[in-house]
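We count ligands from 1, going down the list as the structure has it; atoms in each ligand are counted the same way. Just so it is clear, the model here is predicted, and its values are computed rather than measured.
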Amino acid sequence: MAVSERNFYVSRLFSIAIFIIFVIDRSHSIRIPDRISETAWNQPDQQNLKTAVFALGSFWRSEAVFGCLPGVVRTTVGYAGGSKTNPEYRNLGDHAESIQVEYDPRLISYRDLLEVFWSSHDSRQVFGQGPDVGNQYRSIIFTNRTEESRLAAVSKEKQQNRSRRSIVTTQIQQLGMFYPAEAAHQKFELKRNVFLLQLIGNLPEEELERSSLATKLNGYVAELCPARIQNQIDAKINDIVKKGWPILREL
Ligand code: MHO
């Protein structure tokens, strides 16, 4: 065998050995990523999603109400319905605390969302909702001049017929700008539960705000999911807690 030919085989063998070591090493060491990106496994087809915006009192609560519904993919709290540019929580001008709901219309309809809207607050209250007093808590259905406007009007009429003695104060308005609120107000309920935040991998703020899982858990923490879903999530979390993984018990 010529020297150059031998060198060729030696270097081939060497590369194969390196490759085998690499494969064996990968299969034997457990690598747990700090957090598993949700993009890989829980992202619905973005193109088929629709967006709806409502105002129905404190947006902390509104976000939790809509977040748990099957078919709701993402929620964002913000300010809408006013004229002030760049509103802030402490200075929101004439805007109302609002919730933007991204949903998959194949799983939940705009009509369903309207039902939840009406049943989740008292549309007859003027200048507030429950203990929250002020113009920022007024009731509004924001529409986009499509079929939604008609559905909203029909549903308001129905609601008015249900409560003949008092006036439904809900406004139906075309959506202008929706200003997302400050980070501290997004997924507000979930952020109070350190255990659940850890359980989903301590996502950085940006990811947390887009996470469908966080959207659901935010409703769960506030105990505002429909009963069946609340129980399902409860069972799943209890199961994890019972198994005790990944809790470090001693060193
Ligand atoms: N009742 C609530 C209202 C907060 S809200 C996001 C509170 O604790 O002040 O406007």
Side-chain angles (χ1 to χ4, degrees), residues 51-69 72-103 113-143 166 168-173 175-197 200 203-226 229-230 233:
T51 303
V53 180
F54 304 100
L56 56 153
S58 159
F59 55 18
W60 296 341
R61 185 171 179 282
S62 311
E63 179 164 42
V65 164
F66 285 98
C68 252
L69 306 173
V72 169
V73 168
R74 192 171 299 116
T75 50
T76 307
V77 296
Y79 312 106
S83 56
K84 184 178 169 56
T85 44
N86 302 324
E88 292 164 15
Y89 186 63
R90 297 269 162 232
N91 189 7
L92 50 63
D94 50 355
H95 286 287
E97 293 192 17
S98 306
I99 178 73
Q100 184 185 63
V101 182
E102 281 174 74
Y103 65 101
L113 294 177
L114 284 170
E115 279 301 315
V116 173
F117 169 80
W118 293 115
S119 63
S120 304
H121 76 301
D122 185 351
S123 58
R124 299 160 307 178
Q125 283 190 32
V126 185
F127 208 65
Q129 259 319 295
D132 299 328
V133 178
N135 198 36
Q136 76 202 67
Y137 302 113
R138 66 194 185 275
S139 169
I140 311 173
I141 301 172
F142 293 99
T143 62
S166 33
V168 169
T169 65
T170 305
Q171 298 163 283
I172 299 176
Q173 247 182 53
L175 179 66
M177 270 297 274
F178 174 84
Y179 295 95
E182 300 87 330
H185 295 288
Q186 307 293 342
K187 312 285 171 292
F188 183 85
E189 300 289 346
L190 176 58
K191 281 179 180 158
R192 297 202 278 199
N193 192 313
V194 176
F195 170 70
L196 290 181
L197 284 175
I200 60 170
L203 303 177
E205 182 63 36
E206 238 170 71
E207 260 182 69
L208 188 75
E209 286 179 16
R210 297 197 55 76
S211 159
S212 299
L213 200 56
T215 301
K216 282 207 169 55
L217 283 178
N218 187 59
Y220 167 76
V221 173
E223 296 184 19
L224 286 171
C225 298
I229 296 171
Q230 192 75 27
I233 301 178

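Contact between Ser139 and Phe117 at its shortest, heavy atoms only, is OG-CZ, 3.4 Å.
In terms of the side chain to side chain contact (heavy atoms under 4.5 Å, CB included) criterion, Lys216 has no residue partners (sequence neighbours excluded).
With salt bridges taken as basic N to acidic carboxylate O contacts below 4.0 Å, none links Arg210 and Glu207.
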Quick one: table the atom pairs, ligand 1 N or O against protein N or O, below 3.5 Å, distance rounded to 0.1 Å.
{"unit_1": "ligand 1", "atom_1": "1 (N)", "unit_2": "Asp132", "atom_2": "OD1", "d": "2.6"}
{"unit_1": "ligand 1", "atom_1": "1 (N)", "unit_2": "Asp132", "atom_2": "OD2", "d": "3.4"}
{"unit_1": "ligand 1", "atom_1": "10 (O)", "unit_2": "Tyr89", "atom_2": "OH", "d": "3.0"}
{"unit_1": "ligand 1", "atom_1": "10 (O)", "unit_2": "Glu97", "atom_2": "OE1", "d": "3.2"}
{"unit_1": "ligand 1", "atom_1": "10 (O)", "unit_2": "Glu97", "atom_2": "OE2", "d": "2.6"}
{"unit_1": "ligand 1", "atom_1": "10 (O)", "unit_2": "Tyr137", "atom_2": "OH", "d": "2.7"}

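Around the CD atom of Glu223, the shell of radius 6.0 Å holds no more than 12 heavy atoms that belong to other residues, nucleotides or ligands.
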Let me check something: any side-chain donor-acceptor pairs from residues 77-92 under 3.5 Å, sequence neighbours excluded? List them with distances.
{"unit_1": "Tyr79", "atom_1": "OH", "unit_2": "Tyr89", "atom_2": "N", "d": "3.1"}
{"unit_1": "Tyr79", "atom_1": "OH", "unit_2": "Glu182", "atom_2": "OE1", "d": "2.7"}
{"unit_1": "Ser83", "atom_1": "OG", "unit_2": "Asp94", "atom_2": "OD2", "d": "2.7"}

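Among residues at least two apart or in separate chains, salt bridge (Lys or Arg N to Asp or Glu O under 4.0 Å) pairs with a member in residues 52-64 are Glu63-Lys187.
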